[in-house]
Amino acid sequence: MIWSKEETLERKNIEEIQLSRLKNTVNRIYDKVPYYKAKMDKISIKPDDITSLEDLKKLPFTVKDDLRANYPFGLFTVPKKEIVRVHASSGTTGKPTVVGYTKKDINTWSELIARIVSMAGVDCTDVAQIAFGYGLFTGAFGLHYGLEKAGAMVVPTSSGNTEKQIMLMKDFGTTVLVSTPSYALHIMEVAKKMGIDPINGLDVRLGLFGGEGSTEAMREQIQKGFGILATENYGMSELIGPGVAGECECLCGLHINEDHFIPEIIDPNTGEVLPPGEKGELVITTISKEALPLIRYRTKDITRLIYDKCKCGRTLVRMAKIEGRTDDMLIIRGVNVFPSQIEEVLLNTKEIGPHYEIIVSKNGYLDCMEINVELEDTRLLDSYANLDNLQNKIKHNLKTVLGIDAKINLVEPYTLKRFEGKAKRVIDNRK
Ligand code: DLL
């Protein structure tokens, strides 16, 4: 279902909205945030210099360090009394990145989520179980209010407590699972252990997955294992949380809510804006947020934009599945490797399951990569020759894709760590 008319506007009309909102946003940050004013004054840009969308390029980028430098509320454009909610990103070191919302921001957020969940096929007959952690993370609360707005019955189980999660799923007739893709895999596996067939024993028909990257091969595993349509949605705490973009039922890229976010793709090394369709770092300018508007925020996520009209009728530009993050890229013996490339090869090998771990270390001066991956079927362990063949096959396929060697360790099922939130599959011991 198409939730709002803005999803199908002609490009010219979308751009009119974008320009008018961009001008308001630039005026707002210049007037209300001394840090932004100083940044713009330094390069002699005034809000009046922004007269077209092309002028966006003249504005400076914002990066995570800008938020850190202004911790906790320094980039807010409203006094604290107008903030009704804060969330924070789960920074592993130091202080988190804090984001704030006015009442209007919270309404906008619910509206955008209602849009993306409707895009994926949710309606008022659905029972949506939210298996993201409730708390400072934006995932659970963001999806919660938007799903309610779309009319679904929300079951706020939060993440973890997987057996109980599955029991409620069965008893309440959950039709929509909201989680990270890796937690969905784990839920699937635990259901099987409990003697519940994820396909016939549960009513789940749709997944709303996000918060972390995953490959098409992973999507296929989840779709097959659960018997569901696995859609993906994208967002980031700094930008609003989930709600920036989402997939419709055509599964051909994530529609960006362009009347609220202007996307650009840049070369991450030079900062130059790349021509339409080229792959690079996604940069987003928020144009409707009150409390914490961000200009040209560098997401570090790598994707490309797709401008052709989607079969669903929406005209909103789509972003391709995120390929990785500029800070996730491993450089191994001089070769750039994205964990998603490894995942694609592993998950396309039928004898192994979707659970793996990448370990990078140094042997003297030389980088070494080792991959632990679980076998799907323990029977392979009985034959040394079969194991050896499989190891060599994976090694060969990885070498073809990456151009480098990796040591493959095939391990027994259920031996690697499982994740209830965002998965951490890379251990880089070189750091
Ligand atoms: O993960 C917001 C979110 C929650 C989005 C739930 C969707 C669903 P952060 O914790 O700030 O916010 O992490 C943002 O997560 O820059 C991406 O690298 C990654 N990410 C989020 N969604 C996707 C996705 C939330 N669909 C960071 N595909 C982003 C790939 C994703 N990566």
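When a ligand or atom number is given, it counts from 1 through the structure's own listing order. Note that this is a predicted model, so its numbers are computed, not measured.
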With backbone taken as N, CA, C and O and side chain as the heavy atoms from C-beta onward, which portion of Lys321 lies under 4.0 Å from ligand 1: side chain, backbone, both, or neither? neither
Ligand 1 contact on Asn233 by region, counting heavy-atom pairs under 4.0 Å: both
Ignoring hydrogens, just give me the one of Ala140, Gly211, Ser89 whose non-hydrogen atom is nearest atom 19 (C) of ligand 1.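 When every heavy atom of Ala140, Gly211, Ser89 is considered, Gly211 comes closest to atom 19 (C) of ligand 1.
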Heavy atom of the protein closest to [atom] (residue, atom name, distance):
{"atom": "atom 1 (O) of ligand 1", "result": "Lys422 NZ, 2.8 Å"}
{"atom": "atom 18 (O) of ligand 1", "result": "Asp301 OD1, 2.6 Å"}
{"atom": "atom 12 (O) of ligand 1", "result": "Ser237 N, 3.4 Å"}
{"atom": "atom 28 (N) of ligand 1", "result": "Glu232 OE2, 3.0 Å"}
{"atom": "atom 5 (C) of ligand 1", "result": "Gly235 N, 3.5 Å"}
{"atom": "atom 6 (C) of ligand 1", "result": "Phe132 CZ, 3.5 Å"}

If you measure from the Lys or Arg side-chain nitrogens to the Asp or Glu carboxylate oxygens, is any gap between [X] and [Y] under 4.0 Å?
{"X": "Glu232", "Y": "Lys321", "result": "yes"}
{"X": "Glu220", "Y": "Lys224", "result": "yes"}
{"X": "Arg21", "Y": "Glu290", "result": "no"}
{"X": "Lys192", "Y": "Asp197", "result": "no"}
{"X": "Asp66", "Y": "Arg298", "result": "no"}
{"X": "Arg304", "Y": "Glu278", "result": "no"}

Close side-chain approach of Pro60 to Ile43, heavy-atom, < 4.5 Å: yes
Find out whether Tyr234 and Thr299 are in side-chain contact, i.e. whether some heavy atom of one side chain is under 4.5 Å from a heavy atom of the other.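 Yes, at least one pair of side-chain atoms sits under 4.5 Å.
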Need the ligand 1 atom indices (1-based, order shown) with element for anything under 4.0 Å from a heavy-atom of [X].
{"X": "Gly139", "result": "4 (C), 6 (C)"}
{"X": "Thr138", "result": "2 (C)"}
{"X": "Ile322", "result": "28 (N), 30 (C)"}
{"X": "Gly213", "result": "28 (N), 30 (C), 32 (N)"}

Under 4.0 angstrom from ligand 1, any heavy atom of Phe209? no
Looking only at distance, does Ser214 have an N or O less than 3.5 Å from an N or O of ligand 1? no
Nearest heavy-atom pair of Gly135 and Phe141: which atoms, and what distance?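 Looks like N-CE1, 3.5 Å.
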Restricting to side chain to side chain contact (heavy atoms under 4.5 Å, CB included), what partner residues turn up for Gln221, sequence neighbours left out? Leu347, Pro354
